[in-house]
Amino acid sequence: MDILDSLNPPQKEAVQTTEGPVLILAGAGSGKTRVITVRIAYLISEKQVEPYNILAVTFTNKAAGEMRDRVRKLLEGQQLRSAPLISTFHSLCVRILRQDIEHLEEGYTKSFTIYDTDDSLKVIKACVKDIGMDEKSLGARQVLNAISGSKNKGEDVEMFASRVEYTDEKRAAMARVFKMYEERLNRANALDFDDLMIKTVRLLRSTPEIRDKYNNRFKYVMIDEYQDTNALQFALINYLTEKQQNICVVGDDAQSIYGFRQADIRNILEFEMHFPNAKVILLEQNYRSTQTILDVAHAIIENNVKQKKKKLWTANDGGDKIFYFQAYNGDEEARFVAARIEEHRRRNSGDKLAILYRTNAQSRVFEEALRRQRIDYNIVGGFSFYERAEVKDIIAYLKLALNPFDDIALLRVINTPARGLGKTTLDEVQATAKEARVSLWETIAKFTSIEIGVAPGIAPRAREALHKFKSVVEGLQEKTGAAAGSDKPVSEVVIAAIEDTGYANALRAENTDEALGRLENLEELVNAAAEYDKDEGNLRDFIDHAALSSDTDKYDRSAQVTMMTVHSAKGLEFPVVFLVGLEDGIFPHSRSINDPNELEEERRLAYVAITRAEKMLYVTHSMRRRVYGDEMAAEPSQFLNEMPLELIEDLSRGSSWLSFARGGVRQTNKYAASALRGETAREKPKNLYTGKTYNSTDAIAEFFKNKAGGAPERLKPAEPGPPRGFNKLKAQASPKSSTPASEGITPGAHVRHPKYGKGLVLRREGTGDNVKLTVSFPGFGQKKLIEKFANLEKA
DNA sequence: AAGTAAATTTTTTTT
DNA sequence: AAATTTACTT
């Protein structure tokens, strides 16, 4: 088989070891996707395995799509009776559950609805309200994180409750919400993302026949990015491969970056314990990057204690040094990147470039800069097509038609477009439904069946509106009923949901640019649906797709510039990579900085980012960064300091952090100079910028001190805004503000609060008795205080 | 009931 | 700074 010729010996071995458990430890850029895809092709062409019996599982739709493409290419020209199943964990579960969930006997039917994070949050909010907790002390997001975390560890409600019950009030409340949440979803015949995994595992565990069925179907199972699997996924894999034990997993412990989703690195580290006769194959030759890039990546990951020591090698050239740029602020950073991209394009038209950042929110500045330069770009993640309000509305109509118990979908569309069903009516319907413990849909049916005037609490006009809404959905149900049996084209049903509901007409009536844009999006939705008209796909598949594709997947490989988070970039490679925003608190993220384990994950994330680069790597950071609208001083990331400085070429103008770190201290760099206090560069260069010795509170103070010192930088209009710098004088001159306590309590000042202790003033707003202060108290976070009542003294 | 103004919150990372 | 939620007006 000629495709084998292109593989190196360990790769070839990985492909040819088809029977029994196999663990492939594949470093970054060592060709693991290649190995999996060739292995699939090999099983089919050489081992005469029925494609239908092959399952490959990935984490993202993007990875699954990529793999499908490559397998298709490898098998081009061959006549196959079936296709291998290449799918994400979640869509695999949906596939299984759509067939067999009724065997679970938990009350779910095949027409279950999938709740996305948004839907889940709405349910949780309602639950929190129901137990009479304040939304502020029990944030929905936080509760969902706790619930999801628990679920992914394989716990159920009882285990969660027993784990947390008596620890504290909040956790106990969470356990109650968890329970209610489960009940609500069950009543709505709805599953959240985690449930898809949970129910599948439970189904396989409880029913040997079903387990047997899938074991017989999936004779060869391959798992990509195995280091990212969690306890649930491990259980699923175990059940699926129980019989044949033909399981092949591919992963790299250095690239484990999904700890927040309860990924358990032990799954890969202890693979040989779980499968005692496992064969282990190491892929250590990197084909992607230059030696320099690998050296930098390696230098960083070496700082992790919990890491298997291993070193990738490459036959590639040493390559360029990596490029470094220190910007004054985020804007300058983006302009630098844009200018460099422009230069690359002029010189070497074919090269693909990527801008990688830690969080989605960072994309905006770069988008603007590229647009100004008229550089086309492609952005992955952030807002997906299926997340647009109008698209979600139409999908909600369809979901409701398919599963009328879906209260969340119902609430979303009951008054969209406006039908005169406002808060009063909805409150009444919801209260009645809650009382009777039935769905909103059933409650509406009850209200509308009672004669006019008799229905208590519902005005005749509202009754009429409810009735109308009910008929609209029923009309849709008729059409979807046919479509679910896959007779009627999916696009036709989608059109019905857009037209018959009055949605399109409402938009047309609006006749604004925005409304027209929405209509265009809906047209696009119809186009997407039309894809499902052709072959076996039905409406259900289409809706499932919309729910599961948060669309990191549809990135355009042909685009020359791609922007995305480091997480999204996993598995991809680019000749030129810009790793931006390398600042303390951003990368590593501030929420990971205090936990050694999380910090190690951030480091692995940095490793992933760096190893995306083939030929050139740029690392940039900015001395000032906008956070929640305010520009603050920012410090270089500790990861910069972990790079071998001699492999870095400084492109900053003037002196930079890098020139300081190398020992060439210049007094002109005030940040470098102030960071030097107490330590000398030569003795302990590694510890200078850990982000702890010179922490961000001090940095903020430093920043404001410089500003108050009279540097006339970028004055904001001197309107009623916060009195800073020169404006401070004006505020103090105003007659009312001269209470003794307020003397000198301006941004940058240290104060003492009777309850919170010492804090740093970040912001001052208003005048006279209405002076509001934003103060950061270590251990308590930022507080907004009215100066008059706060009882602050200078510290 | 619906639209607008004001206040409040938001930032990890993904299915 | 932007988006979402709440409060207020018509």
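Convention: sequence-line order gives letters A, B, ...; per-chain numbering from 1.
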Indicate whether the side chain of A:Thr425 and that of A:Glu428 have a donor and an acceptor atom separated by less than 3.5 Å.
no

Provide a list of protein-nucleic acid N or O atom pairs under 3.5 angstrom, restricted to nucleotides 2-7 of chain B.
{"unit_1": "B:dA2", "atom_1": "OP1", "unit_2": "A:Gly420", "atom_2": "N", "d": "3.2"}
{"unit_1": "B:dA2", "atom_1": "OP2", "unit_2": "A:Asn415", "atom_2": "ND2", "d": "3.1"}

With heavy atoms under 4.0 Å as the rule, sort A:Tyr258 into base, sugar-phosphate or nothing.
sugar-phosphate

Whether A:Arg626 contacts C:dA1 is assessed here as follows: a side-chain N or O lying under 4.0 Å from the phosphate OP1 or OP2. Is that the case?
yes

At under 4.0 Å between heavy atoms, what does A:Asp116 touch on the DNA or RNA strands: base, sugar-phosphate, or nothing?
nothing

At 4.0 Å (heavy atoms only), tell me whether A:Ser590 reaches a base, stays on the sugar-phosphate, or touches nothing.
nothing

Closest to the 5' end of DNA chain B, once A:Arg461 and A:Glu598 are matched to their nearest nucleotides, is A:Arg461

With C1' as the reference atom in both, quote the distance from B:dT11 to C:dT6 in angstrom, rounded to an integer.
22 Å

Within-4.5 Å side-chain heavy-atom neighbours: A:Val413 and A:Phe469:
yes

Could you go over nucleotides 3-6 of chain C and give all protein N or O partners under 3.5 Å, atom names and distances?
none

Charged tip of A:Arg604 within 45° of A:Tyr607 ring normal and under 6.0 Å
no

Set of salt bridge (Lys or Arg N to Asp or Glu O under 4.0 Å) partners for A:Arg364, sequence neighbours left out:
none

Go through the side-chain N and O atoms of A:Tyr181 and A:Asp192 and say whether any donor and acceptor fall under 3.5 Å apart.
yes

For A:Tyr628 and B:dT10, say yes or no: do the ring centres fall under 5.5 Å of each other while the ring planes differ by less than 30°?
yes

Residue-phosphate contact under 4.0 Å: A:Thr565 side-chain N/O, B:dT14 OP1/OP2
yes

